[in-house]
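Note that the structure is a prediction, hence the values are computed from the model and not measured. Each chain gets a letter, A, B and so on, in the order its sequence line appears, and its residues count up from 1.
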Amino acid sequence: MQSLSKAEKSYIQVGLLSSPPSRSDGRSLLDYRSVALETGVAPLANGSARVNIGRNANQAGGGTEVVAASKLEVESIDDDGGVEGGRIVCTVSCSPSAYPHLSSGALDDIQQDMTTILHQTLAHPSLHPNNLSILPRKKSWLLNLDVLVLADAGNVYDALFIAARAALWDTKVPRTRSVEYKARKTTGTKPGGTGDMDVDEETPSGFDTRQIQNATDFELPDYWDEGEVLDGREKWPVCVTLNLVPPVHYLDATGQEEAATPLRLLLMFTFPPNGPADVQAMRMLGPGELKITQLKDLIVTGEKYAHDLYHSLNVKLKEEDVRRNQKARDRFEQHR
Amino acid sequence: MATQTGFDRRRINGPEESHPPTFQVEEDFESRRWKLGEPRRTRKSADIRPIFLQPGLIDQANGSAYVETERTKIACAVYGPRQSKNAAYNEKGKLNVEVKFTPFSCERRRAPMRDAEDRSIAVAIHQALVPSVRLELLPKSTIDIFVTIIEADGIEGCVASGTVAASTALADAGIEMLGLVISCAASVVGTEIWLDPTEEESRSSQGTLVLSCMPALETVTSVWQSGQIKIEKVLECMSACQERCIDVHSVVAQALVENL
């Protein structure tokens, strides 16, 4: 977070509190800057996404830029670390160019804080996908979600969660088939044999690829796509940051506005297909304080903003799926 | 172990590999039979564990406090306000919170190195305290708060009790504050709200919430929630926590008066 002089801070605060409120880029309090999203940006990852909030319209720079990528690894359950049913590990790293004014120690701390919030929210058992297991009691997938902050022009938490949701939405888990090895049945025939041909005798195969309890290993069947999507990918949460300058709150702060705001409330919501929204995580950041009634009102209104964000994000993610599958196939057809 | 990055040659290191002993404790045995939907066994759902609070336990610190709630035991020392060394001029003071787990504080031995969980608890305690301390009166200075978790019973309990201990220690050190910060945890189990959950209970819950507030001013300084809770349940949890915080506030105030 950049440091501002007292005069600059009060200038921004007075602008936010005046009626009608005025912000340096002419937005109203509840407007987002333009959000750009692209999935499938890292070809070697199992799922990836790149998010930019507030890129300049005329020149192609500026804005908060976040890249997220998920990578699957096979883990043995008997070794330390592996868990029945797979696990998710989230890591955030910040490029020094995103925070040029911070020392390397402070940068470590800030990325550790972001990692904690992202990991505690996304790796919670209530969101765990069901298809990260390979062989019961033997092997499972470890999903590493790595998020890289390339530039921070404010509202980095919303960008982190949008990128994480998009990357997880895009993640494909390879199909696996369990394999069992069976010792060949040793029949008590003499080496010379009886002279008959053993045509009718059942010869058990060394490979048996049915799903069996004592499967010892697995294989990856060849298939035209990279696998199946993560189970329950609709329920990954979105985050809205409410920036509080009592009595008003506003969304999508720029870097300067963030520095002039005493308190931020992070709200992560998930929206089940039927029924009301769930709060998935909540944090307060900054030295300000709130009355409990104000806090309760903010949670209820925050849900509405999160709902809008969630729906527009879903539309975009489906659009991206179409672009990358159907349209890419059509283009391939044309060129052939 | 020797190849591990966090290995410290200067310490007497424990064995390369260790496993916690497994006892057939009757409590554990019983809790395994607890099923979702049954009422809480050890206490009522809105009850918290009894609190023992002793300010001024550590002589060399400017202020200190020891808090114990059943199996959560936390010692906290406050040093300062003292001059910020090798830091740029800052017109506001700096509040520095460090949390350490003792190696024997958990089921599994914790290596005596700083790990990720220490910092996440320290950040939560810092956020709970920072609105209450009048840092604008202390330019160029630092207040160091060291929280040692001697025994842990659930991360939520550590955050809540750590906040109470740190706030008491700040008061014991005579540092100007707007009010005492009190913190209370809640967990949602089935349709019920259980306050001050143990590790066992928070593991079997859908979600947990820690609310930190200043009951004297009726303001909230921090809210820390994880898990999956419906909105109206969250609001219910917050009201329940705030109510309980008022009771804890009188316990803390009483302990501080007795220590004078």
Between [options], the one whose heavy-atom pairs under 4.5 Å with chain B are most numerous:
options	value
A/M268, A/Q294, A/K6, A/H119	A/K6
A/L285, A/T121, A/V300	A/L285
A/P262, A/P125, A/A281	A/A281

Counting heavy-atom pairs under 4.5 Å with chain A, which one of [options] comes out on top?
options	result
B/E91, B/E232, B/K233	B/E91
B/Q242, B/M238, B/Q225	B/Q225
B/T221, B/V130, B/I231	B/I231
B/E218, B/Q127, B/M214, B/H126	B/Q127

Worksheet entry | Heavy-atom proximity to chain B below 4.5 Å, by part of A/L265 | side chain
Practice prompt. Pick one of side chain, backbone, both or neither for A/T270, based on which atoms fall under 4.5 Å of a heavy atom in chain B.
Written response: side chain
Heavy-atom proximity to chain A below 4.5 Å, by part of [X]:
X	value
B/L129	neither
B/L209	side chain
B/V223	both

For atom [atom1] of [X], decide whether the heavy atoms of other residues, nucleotides or ligands shown that lie under 6.0 angstrom number more than 12.
X	atom1	result
B/K92	NZ	no
B/E243	CD	no
A/K235	NZ	yes

Discussion item. Does any part of the side chain of B/V123, heavy atoms only, come nearer than 4.5 Å to the side chain of A/Q112, both counted from C-beta?
Written reply: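 Of all side-chain heavy-atom pairs linking B/V123 with A/Q112, none is under 4.5 Å.
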Worksheet item: Hey, does A/M284 have a side-chain heavy atom less than 4.5 Å from the side chain of B/S212?
Response: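 No - every pair of side-chain heavy atoms lies 4.5 Å or more apart.
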Starting at [atom1] of [X], measure out to [atom2] of [Y] and round the result to the nearest 0.5 Å.
X	Y	atom1	atom2	result
B/T219	A/L295	OG1	CG	11.0 Å
A/R283	B/S226	CZ	OG	6.5 Å
B/R119	A/T116	CZ	OG1	7.5 Å
B/S132	A/E289	OG	CD	8.5 Å
B/W224	A/L266	CH2	CG	13.5 Å
B/L235	A/T293	CG	OG1	11.5 Å

[X] to [Y] - nearest heavy-atom pair and separation:
X	Y	result
A/P272	B/K230	CG-NZ, 4.0 Å
A/G286	B/P131	O-CG, 4.3 Å
B/Q228	A/S126	OE1-CB, 3.6 Å
B/S120	A/Q120	OG-NE2, 4.1 Å

Practice prompt. Given side-chain contact (heavy atoms from CB on, under 4.5 Å), test A/I292 with B/L211 step by step and report yes or no.
Written response: CA-CA 10 Å; A/I292 194 149; B/L211 182 89; 4.2 Å; yes
